[in-house]
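Note sheet for the following structure.
We're numbering straight along the sequence, starting at 1.
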Amino acid sequence: MKKTVPIAGIDERLFLQSVARALDVLEAFAQNPRSKSLGEIAAASGLNKSAAQRIGQTLLARGYLEKGEGGGLTLGKRLLDRSFDYLRSNPLIERATPMLNELRKRTGERVDLSLFDDTSTIYAIRLQSKRETFYATLPGRRIPTFASSGGRACLAHLPDAQVDDILARSERIPLTPKTLTEIPQIWEKIREARANSYSHHAEEALIGEVVLAAPVLDMDGKPIGAVHIAGSLSEWSIDDFRQRLAPLAVEAARALSGA
């Protein structure tokens with residue numbers, strides 16, 4: 001059975017394994033969110049079939065799972081309700097939405113807001129442009145902090161020891177053949193972000209794409225997210241993209257910081 005490890009700082013005496021196991025069942029769909037049989041859910045969640053069946057039926061009754069093809073189970077629409085609750089409860093997302101809409105109009109390119117979450121960053125707002133891939137339009141996608149322009153922009157505002165710890169705990173698997181995975185290379189990009197007030201990369205997350213990002217900081221100067229602008233290398237040179245759009249990303253991120 002998969003052992004769920006509580007987050008540091010959580011009192012393990014108050015940790016409910018039954019709740020953790022229910023979340024394990026939902027997370028069993030993360031890598032491949034198609035309809036799954038009971039056996040597939042049990043294997044992916046690390047539970048036995050009996051536990052997976054009881055939890056699955058409970059989540060089915062509450063709408064967090066639904067009946068899928070071939071008698072299996074699939075993710076339920078009720079999960080979108082909880083995503084909606086989070087998005088409307090986060091004050092940064094509320095403040096950023098009109099600003100990013102205006103930034104999208106000014107640039108004509110895709111504009112994103114990502115949230116910093118230790119070894120990964122998660123996209124909370126994604127305003128598409130004229131060219132899109134399916135995943136690039138969806139909020140909720142996570143990518144590794146080390147490979148994200150927004151992640152590196154956030155790392156640039158952390159102490160060196162904390163950066164080293166995050167990089168050491170990261171599974172530095174490349175997203176594309178051009179993703180930088182060696183720690184000295186990543187550190188070079190972080191130092192560049194410290195000097196420029198933004199980070200950029202080309203084709204490290206998506207082939208044919210150039211992206212830059214500026215960090216959003218809280219009142220204490222700690223990174224909480226980043227404003228991204230993404231364009232196509234078929235339309236931009238990297239230097240022109242940085243020269244024309246980096247000031248706009250930095251301006252927007254600074255306007256969102258400090259609240």
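- Between the CD1 atom of Ile41 and the CD1 atom of Ile55 there is a distance of 10.0 Å, given to the nearest 0.5 Å.
- If you chain together hydrophobic residues whose side chains sit under 4.5 Å apart, Leu248 and Leu256 fall into the same group.
- When every heavy atom of Cys154 is checked against every heavy atom of Gly225, the shortest pair comes out as SG-O, 3.3 Å.
- Between Val25 and Leu65, the closest side-chain pair of non-hydrogen atoms falls below 4.5 Å.
- Listed by chain and number, the residues in a side-chain contact (heavy atoms from CB on, under 4.5 Å) with Ala156 are Ile190, Ala193, Arg194 (sequence neighbours excluded).
- For the pair Arg242 and Tyr198, the minimum side-chain heavy-atom distance is below 4.5 Å.
- Taking hydrophobic clusters as Ile, Leu, Val, Met, Phe, Trp and Tyr residues chained together by side-chain heavy-atom distances below 4.5 Å, Phe116 does not share a cluster with Ile224.
- The same ILVMFWY cluster, assembled from side-chain heavy atoms under 4.5 Å apart, contains both Leu100 and Tyr86.
- At least one side-chain heavy atom of Leu233 sits under 4.5 Å from a side-chain heavy atom of Ile238.
- The distance from the NZ atom of Lys105 to the CG atom of Leu103 is 11.5 Å, given to the nearest 0.5 Å.
- Listed here is the closest heavy atom pair of Ala96 and Leu113: CB-CD2, 3.9 Å.
- At most 12 heavy atoms of other shown residues, nucleotides or ligands fall within 6.0 angstrom of atom CZ in Arg254.
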From CA spacing to verdict: side-chain contact (heavy atoms from CB on, under 4.5 Å), Glu102, Met99: CA-CA 5 Å; Glu102 182 60 29; Met99 190 174 298; 5.8 Å; no

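- Applying the salt bridge (Lys or Arg N to Asp or Glu O under 4.0 Å) test to every pair with at least one member in residues 29-44, sequence neighbours left out, gives these pairs: Arg34-Glu40.
- For the atom pair Ile143 CD1 and Ile122 CD1, the distance stands at 11.0 Å (nearest 0.5 Å).
- Of all the heavy atoms in Ser149 and Ala213, the pair that sits closest is OG-CB, 3.5 Å.
- Taking the side chain as every heavy atom from C-beta outward, Asn90 and Leu115 approach each other to under 4.5 Å.
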Just list the side-chain donor-acceptor pairs under 3.5 Å for residues 179-187, sequence neighbours left out, or say none.
unit_1, atom_1, unit_2, atom_2, d
Thr179, OG1, Leu175, N, 3.0
Thr179, OG1, Thr176, N, 2.9
Thr179, OG1, Thr176, O, 3.2
Thr179, OG1, Glu204, O, 2.5
Gln185, OE1, Glu182, N, 3.4
Trp187, NE1, Asp164, OD1, 2.8

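- We find the CD-OG distance between Glu94 and Ser89 to be 10.0 Å, quoted to the nearest 0.5 Å.
- Closest approach of Asn48 and Ala51 over heavy atoms only: OD1-N, 2.7 Å.
- Residues meeting the side-chain contact (heavy atoms from CB on, under 4.5 Å) test with Ala249, sequence neighbours left out: Leu212, Ala214, Ile229.
- Side-chain contact between Ser170 and Thr145 is absent, with no heavy-atom pair separated by less than 4.5 Å.
- Using modelled atom types, no side-chain atom of Asp112 and backbone atom of Ser114 make a donor-acceptor pair closer than 3.5 Å.
- Listed by chain and number, the residues in a salt bridge (charged side-chain N to carboxylate O under 4.0 Å, His left out) with Glu251 are Arg106 (sequence neighbours excluded).
- Under a hydrophobic-cluster definition in which Ile, Leu, Val, Met, Phe, Trp and Tyr are linked whenever side-chain heavy atoms come within less than 4.5 Å, directly or via other members, Leu47 and Leu60 are assigned to the same cluster.
- Under the side-chain contact (heavy atoms from CB on, under 4.5 Å) criterion, Ser120 pairs with Asp117, Arg142, sequence neighbours left out.
- What you find for Ala253 and Pro215 is that their closest heavy atoms are CB-O, 3.3 Å.
- Residues in residues 205-229 take part in these ring-ring contact (aromatic ring centres under 6.0 Å, His included) pairs, two or more places apart or across chains: Tyr123-His228.
- Every residue two or more places apart in sequence or in another chain that forms a salt bridge (charged side-chain N to carboxylate O under 4.0 Å, His left out) with Glu66 is listed here: Lys77.
- Side-chain atoms of Arg54 and Ser50 include a donor-acceptor pair closer than 3.5 Å.
- Residues Arg191 and Glu188 are not paired through a salt bridge, judged by the lack of any N-O separation under 4.0 Å between the basic side chain and the carboxylate.
- Under the 3.5 Å distance criterion, the side-chain polar atoms of Arg110 are left unmatched by any main-chain donor or acceptor of Arg126.
- The CD atom of Glu209 sits 9.5 Å away from atom CD of Glu109, with the distance rounded to the nearest 0.5 Å.
- In terms of the salt bridge (charged side-chain N to carboxylate O under 4.0 Å, His left out) criterion, residue partners of Arg169 (sequence neighbours excluded) are, by chain and number, Asp118, Asp165.
- Side chain of Glu203 to backbone of Gly208: a donor-acceptor contact under 3.5 angstrom is found.
- Between Arg21 and Asp24, none of the side-chain N atoms (NZ, or NE/NH1/NH2) sits under 4.0 Å from a carboxylate O, so this pair counts as no salt bridge.
- Val227 and Val211 are not part of a single hydrophobic cluster, where members link through side-chain heavy atoms under 4.5 Å apart.
- For Asn101, the side-chain contact (heavy atoms from CB on, under 4.5 Å) test picks out Thr97, Leu127, with sequence neighbours left out.
- Taken from CZ in Phe146 to OG1 in Thr121, the straight-line distance is 10.5 Å, to the nearest 0.5 Å.
- In this structure the side chain of Leu59 never reaches within 4.5 angstrom of the side chain of Leu73, judged on heavy atoms.
- Of all heavy-atom pairs spanning Leu26 and Leu75, the tightest one is O-CD2, 4.1 Å.
- Applying the salt bridge (charged side-chain N to carboxylate O under 4.0 Å, His left out) test to Lys67 and every residue at least two apart in sequence or in another chain returns nothing.
- Under the ring pair (Phe, Tyr, Trp, His ring centres under 6.0 Å) criterion, Phe29 pairs with no residue, sequence neighbours left out.
- With a 4.5 Å cut-off on side-chain heavy atoms, Phe241 and His200 do not count as touching.
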